[in-house]
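Shown next, in structure tokens, is the structure this report addresses.
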Amino acid sequence: MGRDTIAEIITYIRNADLGRKRVVRIASTNITENIVKILLREGFIENVRKHRENNKDFLVLTLRHRRNRNYRNILNLKRISRPGLRIYSNYQRIPRILGGMGIVILSTSRGLMTDREARLEGIGGEILCYIW
């Protein structure tokens, strides 16, 4: 059985955020790089750099944390479409997360994009995950 790389990076980021880790290292593939670019562009992570070790590429993510320890800035990520059950949506039925505060990452015919970009382009696709 194959690995679900999208679920793996979501789990790595969620566990690091819950453990208040500042840095996460994930394997670098085309789909993980595209998801990380979206997270960086939307402001959910602070910095990304590529690292090569033993002929393998890794992405080192710096997570965004608040300085105030009393306030928990929990990053919520949820995998929607998975290898056993694919979830597709047209652009009119893409869900809005927290009234537009969160994002939906979709895999479309034009690559990975957020729900706002897909609605502007007028295309739907496979709903990969929710982030809020």
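Rounded to the nearest 0.5 angstrom, Ile97 CD1 and Ile131 CD1 are separated by 10.0 Å. In this structure, CD1 in Ile31 is found 8.0 Å from CD1 in Ile9, a value given to the nearest 0.5 Å. Interatomic distance, CD of Glu46 versus CG of Leu61, reported as 11.5 Å (0.5 Å rounding). Phe44 CZ to Asn76 CG: the interatomic distance, rounded to the nearest 0.5 Å, is 9.5 Å. Note that the CG atom of Leu106 and the CG atom of Asp115 stand 7.0 Å from one another [nearest 0.5 Å]. Atom NE2 of His51 and atom CZ of Arg25 lie 6.0 Å apart (nearest 0.5 Å).
Note on Leu63 and Ile6: same hydrophobic cluster, where clusters join Ile, Leu, Val, Met, Phe, Trp and Tyr whose side-chain heavy atoms are under 4.5 Å apart, directly or indirectly. When the side chains of ILVMFWY residues are joined at heavy-atom separations under 4.5 Å, either directly or via intervening members, Ile80 and Ile13 end up in two distinct hydrophobic clusters. Both Trp132 and Val104 are part of a single hydrophobic cluster, where members link through side-chain heavy atoms under 4.5 Å apart. One hydrophobic cluster, built from ILVMFWY side chains closer than 4.5 Å, cannot hold both Ile94 and Ile103; they sit in different ones. Leu128 and Tyr91 sit in two unconnected hydrophobic clusters of ILVMFWY residues. Membership requires side-chain heavy atoms under 4.5 Å apart, directly or through other members.
In this structure, the side chains of Glu53 and Phe58 come closer than 4.5 Å at one or more pairs of heavy atoms.
With a 6.0 Å radius and a threshold of 12 heavy atoms from other residues, nucleotides or ligands, Arg22 has its CZ atom above the threshold. Annotation: Arg93, atom CZ; neighbour count of heavy atoms from other residues, nucleotides and ligands within 6.0 Å does not exceed 12. No more than 12 heavy-atom neighbours from other residues, nucleotides or ligands sit within 6.0 angstrom of OH on Tyr12.
Of all heavy-atom pairs between Ser89 and Ile127, the closest is CB-CD1, 3.7 Å. The minimum heavy-atom distance linking Ile87 with Ser81 is given by the pair N-OG, 3.1 Å. Taking all atoms of both residues into account, the shortest heavy-atom contact from Tyr130 to Pro95 is OH-CG, 3.3 Å.
In summary, of the residues considered (Arg79, Arg82, Arg86), a salt bridge (Lys or Arg N to Asp or Glu O under 4.0 Å) with Glu126 occurs for Arg86 alone.
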Item to complete: Check step by step if side chain to side chain contact (heavy atoms under 4.5 Å, CB included) holds for Glu33 and Leu59.
Response: CA-CA 8 Å; Glu33 286 181 13; Leu59 294 174; 3.8 Å; yes

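One N or O on the side chain of Asp17 and one on the backbone of Leu75 form a donor-acceptor pair closer than 3.5 Å. The closest donor-acceptor contact from the side chain of Thr108 to the backbone of Met113 lies at 3.5 Å or more, if one exists at all.
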Could you tabulate the donor-acceptor pairs under 3.5 Å formed by side-chain atoms of residues 34-41, not counting sequence neighbours?
unit_1, atom_1, unit_2, atom_2, d
Asn34, ND2, Asn30, O, 3.2
Arg41, NH2, Glu117, OE2, 3.1

